[in-house]
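Working notes for the structure below.
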There are 2 protein chains.
Amino acid sequence: MKSDIPQLMTERGLDALVVYGNTDTSSDLAYLTGGAHLERAMYLHARGREPVLFASALERENAEATGIPTRLWSDFPLSRYLQKAEGDLLAARIAQWQAIFAENGVQGRVGFYGLADMGYAFRFLSALAQALPDIEVVGEAPPNLFATARETKDAWELEAMRAAGQATTEVIANVFDFLSGHRAQEDMLVKADGAPLTIGDVKAFIRLELVKRNLEETHENIFSQGRDAGVPHNAGRYDMPLRLGQTIIFDIFPRDRATGYFHDITRTFFLGYAPDPLARKWLDVKRVFDEVMAQIRVGEPGGKYQQMTCDLFEMLNYPTICSDPQTTVGYIHSLGHGVGLDIHESPRLSTLGPPTPLRPGHVVSVEPGLYYPDEGWGVRIEDTIAFDESGRLVNLSDFPYEMVIPVGQ
Amino acid sequence: MKSDIPQLMTERGLDALVVYGNTDTSSDLAYLTGGAHLERAMYLHARGREPVLFASALERENAEATGIPTRLWSDFPLSRYLQKAEGDLLAARIAQWQAIFAENGVQGRVGFYGLADMGYAFRFLSALAQALPDIEVVGEAPPNLFATARETKDAWELEAMRAAGQATTEVIANVFDFLSGHRAQEDMLVKADGAPLTIGDVKAFIRLELVKRNLEETHENIFSQGRDAGVPHNAGRYDMPLRLGQTIIFDIFPRDRATGYFHDITRTFFLGYAPDPLARKWLDVKRVFDEVMAQIRVGEPGGKYQQMTCDLFEMLNYPTICSDPQTTVGYIHSLGHGVGLDIHESPRLSTLGPPTPLRPGHVVSVEPGLYYPDEGWGVRIEDTIAFDESGRLVNLSDFPYEMVIPVGQ
């Protein structure tokens, strides 16, 4: 959590942090500035000094509202440095940062964070390192200082994430009611006028439900049916009518505009009825899901539960990514991921990456699934869970697991 | 435009391009993949070869739908490289990319693009350069190859941007109708029950109007009144009642989900009536806006119109950023910016940056404004304009400039 940052700096031997970017995309900057909207900002934190936030004059009030002492870019006008650099924008920007760093005590080992064009970041930081010999540019491989700080949520964050979960499950409940409010004609759901209800119609309904709750989709939800449900990131085809007796994967992961925190939840269901062979697949996934949910606890590395999920699916005779990294059927992804200001963050429930244990304050998705597009089906069940201060599991996705959604006749 | 890319590679002496990232945030990748949703993808283009798109197995169909020959990350399983690298993720990733580059002819001068954590980009590309001596890592300062390609829109893009403008102006028309549909009580707009209509109420209405048209806000719209309108990026306070006779800046810049293209438009208006002194300010901005719109043309650098705007405002006795870069009142920003798959892109109508001329296919915002928070007002008028194939100006923001929105009594 935020209060860990000084300790994390010490562990990395960092004398200063520089976090640059746009708060809408650079979630590390959003983390530090707590929901302020800043298009081009820089957070400086030199060891033993108060942090400083640089912002555009256009956004000075947004910056000041963060409570972090604010300075304006225009206090170091780029036009002045451009003149000295005879129009060379890269050189001007370096001279500007040099002046800002000098005034704010940024020196020694400096960690750089925030999203930027990767080629430009390489070029700019290489040039900066050369121009400022008293600075050592430090770039971290993931999980970096902020990924590490952010993976442990404090009480305020856990409450924000509970609220995001509550709002998201309200949307799902209303979508299920919306579906149940339609009648079937032969094997298709139809509207009052007899026209088929399509996935596009459902998506339009979902969007209205989200906006009413101040939830936004940074990436479109998944509402995929039959063979499309067998391809994990297939978002669903808009013109496809909804049919009875098919697997429908509904995976929704909105961001709460009020706090910036995401929620992630998936339900797989059938409209009207579940054909026996597919019902068995649904039950197999649910069984693995339940077993993992019963076992998962703090103190153990996330990768352990990925391996457990693979073992359980293999016991049930499904191929898995653990024994065959190239399989495209069976269980083909990792068990879950941290959720927070990014939809995918640390820690990962994966056998790849560092085997760091789950801890109080961690929030992760748990999402086993099976995928068989050529057989026309896919099943995934997902909740987002938190471990509270005492390490107890708290399910943030408080919503039932219904295999069949009844529809009108 | 896209067809310029081979020529732009030649001009930069590049043997290959690597564009890495998430299509939702890395707009260069979105540009190449035409609206596909890919969470972690890599586009490789070695001179003289067909481009290749690397995607996750979870998204293989999204990737294939782009029409670009697709390969899967799992064809080069990270787990295998991790094993060889004894769990060192950075080393494993470099070995993976090395194998991918070798198989796809990526060598020589290679330009890297796409959003990444800036520190990690520096570290990863530094390590890559060291590990792969047959590659020269090239990072470009802005405007880079893609900024240059993207600033010229082709006919399909211009049509997509026209559609985004059409949908956005429909939203504004409905917001104005919504406001007019309310009555005034003393100097405040009130709802049927007599409670004040707040900015929060208007924002909720705007969000519904946007979602109905498949428009999304990646960054919240500005609906700011009185002194808040005097601070350009103040988005407006939700609990503030709407009052008659105040400047209200409504700046809306949604993205069309169907195409990924943005539109950007601002209107400043008064509810009920415009007090004389403020009406004169509005007319001053409108006069400058009209003059710039009458003058702006292809063949001239964008910075010329920033200077013209400053000169016009100074003639009217307002301070400007051109003569005083630190002024916080008067005209305090640049005249405009390119609009496309990013809300702010090349070319800039600014005196900073390269003096490259406006050209057919450019799409820019034109947005003069005046800001006096301590006097309780701000005015900005903005349209997004395009220059068509023949260089003729086409206004994509086809919407009237009304100073006063009438309200019920």
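Every chain is numbered from 1 and lettered A, B, ... according to where its sequence line falls, protein lines coming before strand lines. Computed from heavy atoms alone, side chains included, the values below leave out hydrogens, waters and symmetry copies. Note that the structure is a prediction, hence the values are computed from the model and not measured.
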* Identify which part of A/Leu352 has an atom lying under 4.5 Å from any heavy atom of chain B, answering side chain, backbone, both or neither. => both
* To do: Would you indicate whether B/Gln326, at its atom CD, is surrounded by more than 12 heavy atoms from other residues, nucleotides or ligands within a distance under 6.0 Å?
  => yes
* Flag side-chain contact, heavy atom, 4.5 Å: A/Thr351 against B/Ser79 -> no
* Structure fact -> Residues A/Asp117 and B/Phe112: closest non-hydrogen pair is OD2-O, 4.0 Å
* To do: Using non-hydrogen atoms and a 4.5 Å limit, figure out which bit of B/Arg93 sits close to chain A: side chain, backbone, both or neither.
  => neither
* Can you list the steps and then say if A/Arg60 with B/Thr328 is a side-chain contact (heavy atoms from CB on, under 4.5 Å)? -> CA-CA 10 Å; A/Arg60 67 173 186 276; B/Thr328 57; 4.0 Å; yes
* To do: Report yes if the side chains of A/Tyr120 and B/Asn144 come closer than 4.5 Å at any heavy-atom pair, otherwise no.
  => no
* Flag the one option from A/Tyr113, A/Phe146, A/Tyr371 with the top tally of heavy-atom pairs under 4.5 Å to chain B. => A/Tyr113
* Best-contacting candidate, A/Asp88, A/Leu72, A/Val138, A/Asp75, against chain B by heavy atom pairs under 4.5 angstrom -> A/Asp75
* Structure fact -> Most contact-rich option vs chain B, by heavy-atom pairs under 4.5 angstrom, among A/Ala65, A/Gly114, A/Gly21, is A/Gly114
* Quick one: which of A/Ala204, A/Ser126, A/Gly87 has the most heavy-atom pairs under 4.5 Å with chain B, could you say? => A/Ser126
* Asked: With only heavy atoms counted, which part of B/Asp28 is less than 4.5 Å from chain A, the side chain, the backbone, both or neither?
  -> side chain
* **A/Met118 side chain near B/Tyr20 side chain, heavy-atom distance below 4.5 Å** => yes
* Asked: Given the options A/His333, A/Arg257, A/Lys212, which has more heavy-atom pairs under 4.5 Å with chain B than any of the others?
  -> A/Arg257
* Flag the one option from B/Val19, B/Val137, B/Ile321, B/Thr25 with the top tally of heavy-atom pairs under 4.5 Å to chain A. => B/Val137
* Interface residue of largest heavy-atom contact number with chain A, from B/Arg80, B/Lys203, B/His219, under 4.5 Å -> B/His219
* Checking B/Leu82 against chain A: side chain, backbone, both or neither under 4.5 Å from a heavy atom? -> side chain
* Compare all side-chain heavy atoms of B/Asn214 with those of A/Arg207 and state whether any distance is below 4.5 angstrom. => yes
* Structure fact -> Looking only at B/Pro373, B/Pro232, B/Pro355, most heavy-atom pairs under 4.5 Å shared with chain A are made by B/Pro232
* So do the side chains of A/His233 and B/His37 get within less than 4.5 Å of each other, counting heavy atoms only? -> no
* **Region of A/Val18 that comes under 4.5 Å of a non-hydrogen atom in chain B** => neither
* Measure B/Ser26 against the heavy atoms of chain A and call it side chain, backbone, both or neither at under 4.5 Å. => neither
* Asked: Is chain B contacted by the side chain of A/Asp24, its backbone, both, or neither, given a heavy-atom distance below 4.5 Å?
  -> side chain
* Please say whether more than 12 non-hydrogen atoms of neighbouring residues, nucleotides or ligands are located less than 6.0 Å from CD in A/Glu64. => yes
* Asked: How many angstroms lie between CD1 in A/Ile343 and CG in B/Asn22, if you round to the nearest 0.5 Å?
  -> 11.5 Å
* Within-4.5 Å side-chain heavy-atom neighbours: A/Leu208 and B/Leu208 -> yes
* **Contacting region of A/Pro142 [heavy-atom separation from chain B under 4.5 Å]** => both
* Candidate pair A/Glu39 and B/His344, rule side-chain hydrogen bond (donor to acceptor under 3.5 Å, both in side chains), full reasoning -> CA-CA 10 Å; A/Glu39 192 176 308; B/His344 295 155; 2.4 Å; yes
* **Flag side-chain contact, heavy atom, 4.5 Å: A/Leu58 against B/Val231** => no
* Relative to chain A, which segment of B/Leu115 carries a heavy atom at a distance below 4.5 Å: side chain, backbone, both, or neither? -> both
* Is there a side-chain contact between A/Glu216 and B/Glu217 (heavy atoms, below 4.5 Å)? -> no
* Would you name the heavy atoms of A/Pro325 and B/Ser74 that are closest together and state the gap between them? => O-CB, 3.8 Å
* Structure fact -> When the 4.5 angstrom heavy-atom criterion is applied to A/Pro77 and chain B, the contacting part is side chain
* Structure fact -> Under 4.5 Å to a heavy atom of chain A? For B/Leu90 that would be side chain
